**Student:** 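This is the structure I have questions about; it appears just below.
On a predicted model such as this, the values are computed, not experimentally measured, just so you know.
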Amino acid sequence: SGFFGGAANLRGTAILLTGNAQSTTIVDCDIQENNSVGGGEDVYVNTVNTTQIRHTRIGSGSRHGITLDLNGTLVLTNCLITAQPLHGIWCTTGTVRMANCTIADNAGWGISNGNASVTVTDSIIWGNYLGGGTTNQLTMNDSCIQEDHPGAGVNNFTNNPEFFGGYYLSKAGLVMQSVDSPCRDSGSVTAGERGLDNQTTRTDGVADQSASQVDLGYHYAGPLTDNPSNKTLYVDAVLGSDANDGFTPGPGGALQTISAALNKSISGGAINIAAGQYTTNIGEIFPLTIKDNNLALIGTNRMGTIIDPG
């Protein structure tokens, strides 16, 4: 199911769970770009019962990804929470258990904890502006986190997870990938035991092997749909053409417009912009819209590279 572009005045811009009549399970949802006038989170949980969220992506909202705001239990399995303007998860009390989740690139904490009991297993918490997680009542095992929490548990590490094309894990030998992510085959159980042997962390879509240790973090249902070769693109207002592939600089390779490069780019990539005037006269379409996380736009020099919407 998809929840896109919703708007609300207060809590739970996509999903609001309140009352104590029954437990709730949310499965296979894509919750993206929901906004709130009052700055609500995408998913607001205010119940003493158990809420399970599985195989779900939550991103680019207007506050937190998920708020747990009562003494209930939140169980997350194979979830991806990214690009929130505040925290990935904010919990005031209750219990949070997560396995094989990726919480990345949020503007606050990955996990901000008031007084909840938080347990993290086989997960990746990376690139969050304030840090991976507050340390109170945190238990973490077999996970990759952006800062060291030596007292939280065992078998954790702070190596770069080597994301590619969003939050896939780099696999040496695949297109534009030269190293293996340290998060591959690093989990506490096998992929079969976790039920993720029909899911993938690889850009080519090959499933996590049932008998091998599960890859850490979020597993996708299929391969990267964007072209991995678009990780590095070149734009040249003078020598380029939007009929080119953009893979190399100069004539015959570079694109002519930044607009074309943004349409081709993938998360975690880079667009190299040569000196020139980027205006509607050469086909630029304004406003320029960046749709990818962690995308770098690299100019040649500030005096010679001019972006002018007119």
**Student:** Would you say L16 ends up clustered with L86 if hydrophobic residues are merged whenever their side chains have heavy atoms under 4.5 Å apart, either directly or through other cluster members?
**Tutor:** no

**Student:** With a sphere of 6.0 Å drawn around CD of Q277, does it hold more than 12 non-hydrogen atoms of other residues, nucleotides or ligands?
**Tutor:** no

**Student:** Do V45 and I89 sit in one hydrophobic cluster, given that two such residues count as connected whenever their side-chain heavy atoms are within less than 4.5 Å of each other, even indirectly?
**Tutor:** yes

**Student:** If you measure only the distance, is there a donor-acceptor pair under 3.5 Å linking the side chains of D308 and T279?
**Tutor:** no

**Student:** Pairing donors with acceptors under 3.5 angstrom, does anything connect the side chains of E284 and S259?
**Tutor:** yes

**Student:** Quick one: does any side-chain atom of T134 pair with a main-chain N or O of N136 as donor and acceptor, under 3.5 Å?
**Tutor:** no

**Student:** Side chain to side chain donor-acceptor pair (under 3.5 Å), that's the test. Do N128 and D105 meet it? Break it down for me.
**Tutor:** CA-CA 5 Å; N128 303 285; D105 298 322; over 6 Å; no

**Student:** Should V75 and I125 be counted in the same cluster of Ile, Leu, Val, Met, Phe, Trp and Tyr side chains packed under 4.5 Å apart?
**Tutor:** no

**Student:** Say you draw a straight line from CZ of R57 to CG of D30; how long is it, rounded to the nearest 0.5 Å?
**Tutor:** 4.5 Å

**Student:** Are the side chains of I66 and V96 in contact, using a 4.5 Å heavy-atom criterion?
**Tutor:** no

**Student:** Could you tell me which residues satisfy side-chain contact (heavy atoms from CB on, under 4.5 Å) with S212, sequence neighbours excluded, listed by chain and number?
**Tutor:** D185, D208, Q209

**Student:** Could you tell me whether the side chain of N78 reaches within less than 4.5 Å of the side chain of L196, counting heavy atoms only?
**Tutor:** yes

**Student:** Using a distance-only test with no angle check, is there a side-chain donor-acceptor pair under 3.5 angstrom linking T67 and E41?
**Tutor:** yes

**Student:** Are a donor atom and an acceptor atom from the side chains of T93 and N115 found within less than 3.5 Å of each other?
**Tutor:** no

**Student:** Between atom CG of D122 and atom CG of N141, what is the distance when rounded to the nearest 0.5 Å?
**Tutor:** 8.5 Å

**Student:** Between CG of L169 and CG of D215, what distance do you get to the nearest 0.5 Å?
**Tutor:** 6.0 Å

**Student:** Please answer whether the main-chain N or O of Q256 pairs with a side-chain N or O of D236 as donor and acceptor at a distance below 3.5 Å.
**Tutor:** no

**Student:** Measuring from atom CG of L224 to atom NZ of K231, what distance do you get when rounded to the nearest 0.5 angstrom?
**Tutor:** 12.0 Å

**Student:** Is Y129 atom OH crowded by more than 12 heavy atoms from other residues, nucleotides or ligands, each under 6.0 Å away?
**Tutor:** no

**Student:** Can you tell me how far apart CG (N113) and CD1 (I111) are? Round to the nearest 0.5 Å.
**Tutor:** 8.5 Å

**Student:** Strictly by modelled atom types, are S186 and Q213 linked by a side-chain donor-acceptor pair under 3.5 Å?
**Tutor:** no

**Student:** Taking atom CG of D148 and atom CG of N156, what is their separation to the nearest 0.5 Å?
**Tutor:** 8.0 Å

**Student:** Just checking, is any N or O donor in the side chain of Y44 or D69 under 3.5 Å from an acceptor N or O on the other one?
**Tutor:** yes

**Student:** Quick check on I285: does its CD1 atom have over 12 non-hydrogen neighbours (other residues, nucleotides or ligands) under 6.0 Å away?
**Tutor:** no

**Student:** Would a single hydrophobic cluster contain both I81 and V118, if residues Ile, Leu, Val, Met, Phe, Trp and Tyr are joined by side-chain heavy-atom contacts under 4.5 Å?
**Tutor:** yes

**Student:** Determine the interplanar angle of the H64 and W90 rings, folded into 0 to 90°, and report it as parallel if under 30°, tilted if 30 to 60°, perpendicular if over 60°.
**Tutor:** tilted

**Student:** Between S265 and N230, is there a side-chain donor-acceptor contact under 3.5 Å, judged purely by atom types and distance?
**Tutor:** no

**Student:** Could you tell me whether a side-chain N or O of S170 sits under 3.5 Å from a main-chain N or O of F164, the two making a donor and an acceptor?
**Tutor:** no

**Student:** Can a donor-acceptor pair be found between the side chains of Y234 and N244 at a distance below 3.5 Å?
**Tutor:** no

**Student:** Quick check: is L239 connected to I282 through a chain of hydrophobic side chains (ILVMFWY, heavy atoms under 4.5 Å apart)?
**Tutor:** no

**Student:** Using the rule side-chain contact (heavy atoms from CB on, under 4.5 Å), only one of T50, N71, T73, T119 pairs with T95; which is it?
**Tutor:** T73

